[in-house]
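Just below is one structure, and these are the notes that go with it.
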Amino acid sequence: MEQKTAASKKAIRQSQSLCAGEHDYVHQRKRVVLESLSSLGINCTTDSVPHIALLASGGGQRAAVGLVGSLYQMEKEHLLDMLLYLGSVSGSTWSMSSIYNDPQWSDNLGTAVSRLLGPGVPLEEALAWLGERAKEEHFSLSDIWGVLTSAGIMKQMDLRHLSDEASRKATNPYPIYSAIEKHCYSHGPIQGKWFEVTPHEAGFTELGVFVETSLLGSKFQNGKLLVKKPEMDMVKLQGILGSALALDQTIKDLIPPWLNVSGQIDSAAEDYLRVYNALNKLVALTRSTIKDPTALSYLDKLQKILEDMLNHDKSVWLESKSSEERKSIFGKWSLELMAAVQTWSQSLEDGALKTNVSLLTKQVLPMIMKWEWGTTGNFLYQYQDSTVPPYLRSTETFHLMDAGLLINVPYPSFLGEKRDIDLIIAPEYSAGNMFETLTLARDYAAEVKKPFPEIDAKILEERDWPKGCYVLKGKVKEPTIVYMPLFNRHNCKDAAEFKAKMEEFSTFQRPYSQEKIEFVLETAKANIKTNKETLLREIKKAVLRRHNKK
């Protein structure tokens, strides 16, 4: 229920320091870290507890499963309680949000593994949630994406609120989730791009403007809370954090080769590809919420219909056409795709599947045509501060989406004096060019004038067949980074096998089979086990570094 509040209430905190809630949690968490260090014979005082963060990359289901495997093995090696912070982007936010559903997850990671290997949430349960969200003012494709990834990949409908964790004891590392603001990502200054969400606060990292997490999405004007709206649950938040499809460039990366002959795709083709790819991915996710063989065969038929329609009339595109002709062709094809789904839906035999699919298409098809993602009430609307970009002061809503589109590891929230990190453990589950997350983070840090360790150029030459672990040494202000590619020289015999593994476990594909899930889990576990001594050595150095700072 919406709730009117006093117009005079100030709700925005503007600062580059920790909020009181995070400060208190971290203070308590340091006691856990101190005890853990002591158990391993590492001498440390209360004042020299190192600030260690594990930052998980994105990478779709590969990242979601990989993070669970990494954390599971860290617990087995008695390294998990060394972590002060846990940060994630994109696919790794799916599993991070899922494991934090359990206040004692650090001791129960076997449960998280079992859930990944278990059955998906029934489609009926997902649709019930979606029906309620569709009634809300800011319903978008992120809601649809969130519920289907939650139900089909994470196999859990997590209805709690992130702010619920604000009152928890410091049993687990402090969680920080990351997104980016869509308009600022494309058009705005660097300071307006990165957005972080913690149990206590949500806001723009570089601008230093935050609201309580429970107020994210509420109605604001001139820094004052006007209407308090219900806090989004973790299903909706997962949809926002993992919405890589929201960006046009992602769609371009999924273009079939025949359509990309000229190397350039105009806006008409992009509209068509958006429709096709959204339908294709959502059908695959829906498939993972259904076990009935007859229902699965119907969904297979729909996927075949979509694929056939994507490849029809190639000659029409390949012939030289004016932009107006192409716009007309692709507009027609988009409508035909939508109509094909409707016709397929109506052709189903009466029963549960037809009822469920009809409900789903009723919500999905209008949203795909609208192509709106991550719509969120803007707490900076008409906020009177010149450091806030004009766009963020002039719009009542902004659009949050997958932070991996900017940097596929959440470095921005952990650079500089605010959290003063000594050591970053960075398991890399990303697709694409290996080491790109490091070079992008280095360039970002230079632009916002924050310290970042030097990257040896020789390392970058190993991108086609990387080692299992690299240490980028920090000096006084830069954090040290332990960078750990998922596929590497320990588990791939040569560059060809490395490339094959990256393709086999690509980001954009149907939900993994149980065999694939188990393989990624075991690979991530083995990487931690293999590099335990390196991690322990760098943890000891972080203790000394923190001591010298004091």
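For reference, positions follow the sequence shown, starting with 1.
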What do the steps show when you test Lys458 against Asp456 for salt bridge (charged side-chain N to carboxylate O under 4.0 Å, His left out), and what is the final call?
CA-CA 5 Å; Lys458 292 180 181 178; Asp456 188 338; 5.7 Å; no
Whether Ser98 side chain and Trp94 backbone form a donor-acceptor pair below 3.5 Å:
no
Heavy-atom distance under 4.5 Å between the side chains of Tyr85 and Ile176, does that happen here?
yes
Shortest non-hydrogen contact from Pro511 to Leu285?
CG-CD2, 4.1 Å
Do Thr376 side-chain atoms and Gly217 backbone N/O form a donor-acceptor pair below 3.5 Å?
no
I'd like to know if the side chain of Asp81 reaches the main chain of Ser36, judged simply by a donor and an acceptor atom lying under 3.5 Å from each other, with no hydrogens or angles considered.
no
Hey, is the main chain of Glu497 close enough, under 3.5 Å, to the side chain of Asp494 for a donor-acceptor pair?
yes
Would you sort out whether Phe195 and Leu241 count as a side-chain contact (heavy atoms from CB on, under 4.5 Å), showing the intermediate values?
CA-CA 10 Å; Phe195 192 93; Leu241 299 172; over 6 Å; no
Looking only at the side chains, is there a donor atom on one of Glu196 and Ser178 sitting less than 3.5 Å from an acceptor on the other?
no
Would Thr375 and Glu372 count as having a side-chain donor-acceptor pair, cut-off 3.5 Å?
yes
So, Asn408 versus Ser57: side-chain donor-acceptor pair below 3.5 Å or not?
no
Within the 3.5 Å criterion, strictly below it, is a donor on His490 or Lys467 matched to an acceptor on the partner's side chain?
no
Is it the case that the side chain of Asp164 and the backbone of Arg160 share a donor-acceptor pair, with hydrogens and angles ignored and the cut-off at 3.5 Å?
no
Would you confirm whether Thr395, through its side chain, and Tyr391, through its main-chain N or O, come within 3.5 Å as a donor-acceptor pair?
no
Could you check whether the rings of Phe204 and Phe379 sit parallel, tilted or perpendicular, using 30° and 60° as the cut-offs?
tilted
Among side-chain atoms of Tyr383 and Gln221, is any donor-acceptor pair under 3.5 angstrom?
no
Testing the 3.5 Å rule here: is there a donor-acceptor pair between the side chains of Ser90 and Asp402?
yes
Ring centre gap for Phe452 and Tyr444 strictly below 6.0 Å
no
Which of parallel (below 30°), tilted (30 to 60°) and perpendicular (above 60°) describes His187 and His183?
tilted
Picking from Leu84, Leu34, Asp24, what satisfies side chain to side chain contact (heavy atoms under 4.5 Å, CB included) with Arg29?
Leu84
Output yes when Lys450 and Glu206 qualify as a salt bridge under the 4.0 Å nitrogen-oxygen rule, no when they do not.
yes
Under a 4.0 Å threshold between the charged nitrogen and the carboxylate oxygen, would Lys516 count as salt-bridged to Glu504?
no
Regarding Ser48 and Thr45, is there a side-chain donor-to-acceptor distance under 3.5 Å anywhere?
yes
The test is side-chain contact (heavy atoms from CB on, under 4.5 Å); show your working for Asn378 and Lys219 and say whether it passes.
CA-CA 7 Å; Asn378 178 15; Lys219 190 171 183 178; over 6 Å; no
Contact check, side chains of Leu460 and Ile455, non-hydrogen atoms, under 4.5 Å:
yes
Quick check: do Val32 and Thr171 have side-chain heavy atoms less than 4.5 Å from each other?
no
For Gly242, does its backbone N or O pair with a side-chain atom of Trp145 as donor and acceptor, under 3.5 Å?
yes
Without swapping roles, check the side chain of Lys155 against the backbone of Gly118 for a donor-acceptor pair under 3.5 Å.
yes
Under 6.0 Å from the ring centre and within 45 degrees of the ring axis: does the NZ or CZ of Lys182 meet both conditions for the six-membered ring of Phe398?
no
Examine the side chains of Ser70 and Tyr429 and answer whether a donor and an acceptor come within less than 3.5 Å of each other.
yes
Just checking, is any N or O donor in the side chain of Tyr174 or Thr198 under 3.5 Å from an acceptor N or O on the other one?
yes
Is a side-chain N or O of Asp158 found less than 3.5 angstrom from the main chain of Met234, in a donor-acceptor match?
no
Within a strict 4.5 Å, meaning less than it, do heavy atoms of the Val113 and Val68 side chains meet?
yes
Please report the interatomic distance OH(Tyr72) to CD1(Ile528), rounded to the nearest 0.5 Å.
13.5 Å
Could you go through the side-chain contact (heavy atoms from CB on, under 4.5 Å) check for Leu216 and Met232 one step at a time?
CA-CA 8 Å; Leu216 180 61; Met232 68 178 74; 4.2 Å; yes
Is it true that Lys473 and Glu454 have a side-chain N and a carboxylate O under 4.0 angstrom from each other?
no
Decide whether Tyr470 and Glu428 meet the rule of one side-chain donor and one side-chain acceptor closer than 3.5 Å.
no
Is any side-chain heavy atom of Val147 closer than 4.5 Å to one of Asp143?
no
What I'd like to find out is whether the side chain of Ile99 reaches to under 4.5 Å of the side chain of Leu71, using heavy atoms alone.
yes
In the structure I gave you, are the side-chain heavy atoms of Leu37 and Met82 within less than 4.5 Å of one another anywhere?
yes
Is it true that Thr387 and Asp385 share a donor-acceptor pair across their side chains at a distance under 3.5 Å?
yes
Is Arg546 salt-bridged to Asp420, going by a charged N under 4.0 Å from an acidic O?
yes
Trp194 versus Ser413, side-chain donor and acceptor atoms under 3.5 Å:
yes
So, does Arg419 use its side chain to make a donor-acceptor pair with the main chain of Phe414 at under 3.5 Å?
no
Do we see a donor-acceptor contact under 3.5 Å between the side chains of Glu231 and Ser163?
yes
Pairwise side-chain contact, Pro389 with Leu392, heavy-atom cut-off 4.5 Å (strictly under)
yes
